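Keep in mind that this is a model prediction, so the values were computed, not measured.
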Amino acid sequence: MEVYKKILGNQSDSAWAERLAHCSVDYIELDQWNAQKSRLLAIGTSGKPYAMAFDRGHRLHDGDIIAYDRSTGRAAVVRLKLSEVMIIDLSTLFRRPPTEAIATAIELGHAIGNQHWPAVVKNERLYVPLAVDKKVMLSVMRTYNFEGIAFAFRPGGEVVPYLSPSEVRTLFGGTSGGSDQSGRGHTLRPTPHPHEHDEPHLTDYV
């Protein structure tokens with residue numbers, strides 16, 4: 001079996017998009033956990049198996065091209081399936097008395113941690129991937145009823161561009177039953193970044 005060891009390009013690139021327009025493309029659908037593996041065997045939509053072996057720490061991205069044959073007009077492209085992400089707005093905490101803000105933050109951390117959900121704190125938002133049925137996550141949030149804390153669900157693909165590779169691993173590495181690559185499991189990880197405009201714009205909080 002042929003082993004694919006390098007990424008040839010990405011279909012988001014205009015030159016590659018033009019080449020693929022004239023190809024029969026076999027899509028390899030992966031979840032975010034498997035996309036972080038350096039060694040994996042996956043099946044394309046055609047039923048063809050693809051053995052991949054990349055450098056340690058390499059992460060596949062949506063649209064990555066691992067095979068292209070101009071003579072036969074065939075190509076193989078990775079397609080990632082990202083779970084939704086619950087985004088919790090923490091901005092109101094900064095306008096509250098310190099003791100009240102600290103108490104709410106601790107209660108929120110306890111609620112998320114008690115469910116063993118991976119999460120990332122960035123700027124004034126808490127990102128939690130859809131690790132269980134959305135109804136369960138909604139039930140937890142409404143049960144605790146954090147006053148003044150709004151939240152919304154967003155597609156994972158919308159959130160990923162604003163996160164670092166380590167943050168992506170923390171959020172998406174465990175939604176399919178795995179853990180982060182450190183082997184320590186999942187924790188709340190504050191990652192301070194100064195620019196609020198780096199965050200996705202949200203308008204319809206729950």
Side-chain angles (χ1 to χ4, degrees), residues 30-38 57 59-61 80-206:
L30 301 175
D31 59 26
Q32 49 266 33
W33 173 245
N34 283 310
Q36 298 175 69
K37 295 180 178 179
S38 57
R59 182 180 185 278
L60 287 166
H61 298 85
L80 293 190
K81 299 180 291 182
L82 298 176
S83 63
E84 285 187 277
V85 176
M86 179 171 65
I87 305 178
I88 303 173
D89 184 5
L90 305 176
S91 61
T92 60
L93 296 181
F94 294 88
R95 299 190 292 272
R96 298 184 186 182
T99 54
E100 182 182 330
I102 291 172
T104 300
I106 291 174
E107 290 172 3
L108 180 59
H110 173 74
I112 300 300
N114 194 45
Q115 300 297 322
H116 302 287
W117 293 338
V120 164
V121 180
K122 188 168 186 178
N123 293 339
E124 298 177 350
R125 290 178 179 140
L126 176 63
Y127 295 85
V128 185
L130 192 65
V132 294
D133 190 285
K134 185 185 291 186
K135 293 180 181 179
V136 174
M137 297 185 79
L138 285 170
S139 176
V140 169
M141 294 300 293
R142 288 168 178 166
T143 296
Y144 281 90
N145 191 28
F146 299 104
E147 184 177 355
I149 301 294
F151 62 96
F153 289 89
R154 286 288 178 269
E158 181 180 310
V159 174
V160 164
Y162 303 95
L163 304 175
S164 69
S166 64
E167 292 165 347
V168 171
R169 286 195 296 272
T170 298
L171 283 187
F172 298 117
T175 53
S176 295
S179 62
D180 69 16
Q181 292 184 344
S182 68
R184 294 188 297 267
H186 305 292
T187 57
L188 289 171
R189 300 183 181 182
T191 53
H193 293 266
H195 304 296
E196 175 63 21
H197 65 268
D198 286 342
E199 303 287 357
H201 180 65
L202 302 176
T203 56
D204 56 340
Y205 284 103
V206 174

### Message
Determine whether Val128 and Met137 satisfy the following criterion, side chain to side chain contact (heavy atoms under 4.5 Å, CB included), listing intermediate values before the conclusion.
### Response
CA-CA 10 Å; Val128 185; Met137 297 185 79; 3.7 Å; yes
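- Within the 4.5 Å cutoff, no side-chain heavy atoms of Leu126 are placed close to those of Phe151.
- In this structure, the side chain of Thr104 engages the main chain of Glu100 through a donor-acceptor pair within 3.5 Å.
- Residues Trp117 and Val140 have side chains in contact (heavy-atom distance under 4.5 Å, counting atoms from C-beta outward).
- Across all non-hydrogen atoms, the minimal contact from Asn34 to Asp31 is N-OD1, 2.8 Å.
- Phe153 CZ to Leu138 CG: the interatomic distance, rounded to the nearest 0.5 Å, is 4.5 Å.
- Interatomic distance, CE of Met141 versus CD1 of Ile112, reported as 5.5 Å (0.5 Å rounding).
- Minimum heavy-atom separation, Arg125 to Asp89: CG-CA, 4.4 Å.
- Here CD of Glu147 is found 9.5 Å from CD1 of Ile149. Values are rounded to the nearest 0.5 Å.
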### Task
Start with the C-alpha gap between Glu107 and Phe146, add the side-chain angles, then the distance that decides, and say whether side chain to side chain contact (heavy atoms under 4.5 Å, CB included) holds.
CA-CA 9 Å; Glu107 290 172 3; Phe146 299 104; 3.8 Å; yes
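- Of all heavy-atom pairs between Ser83 and Pro129, the closest is OG-CB, 4.1 Å.
- In terms of heavy atoms, Ser91 sits closest to Glu124 at CB-OE1, 3.1 Å.
- Summarising the geometry of Glu167 relative to Leu163, their closest heavy-atom pair is OE1-CA, 3.3 Å, with the distance given to 0.1 Å.
- Residue Lys122 holds its NZ atom at 7.0 Å from OH of Tyr127, rounded to the nearest 0.5 Å.
- Shown here for Leu93 and Ala105, the closest heavy-atom pair between the two residues is CD1-CB, 4.3 Å.
- Counting heavy atoms from C-beta outward, Leu90 and Leu108 have side chains that approach closer than 4.5 Å.
- The distance from atom CG of Leu60 to atom OG of Ser38, rounded to the nearest 0.5 Å, is 10.0 Å.
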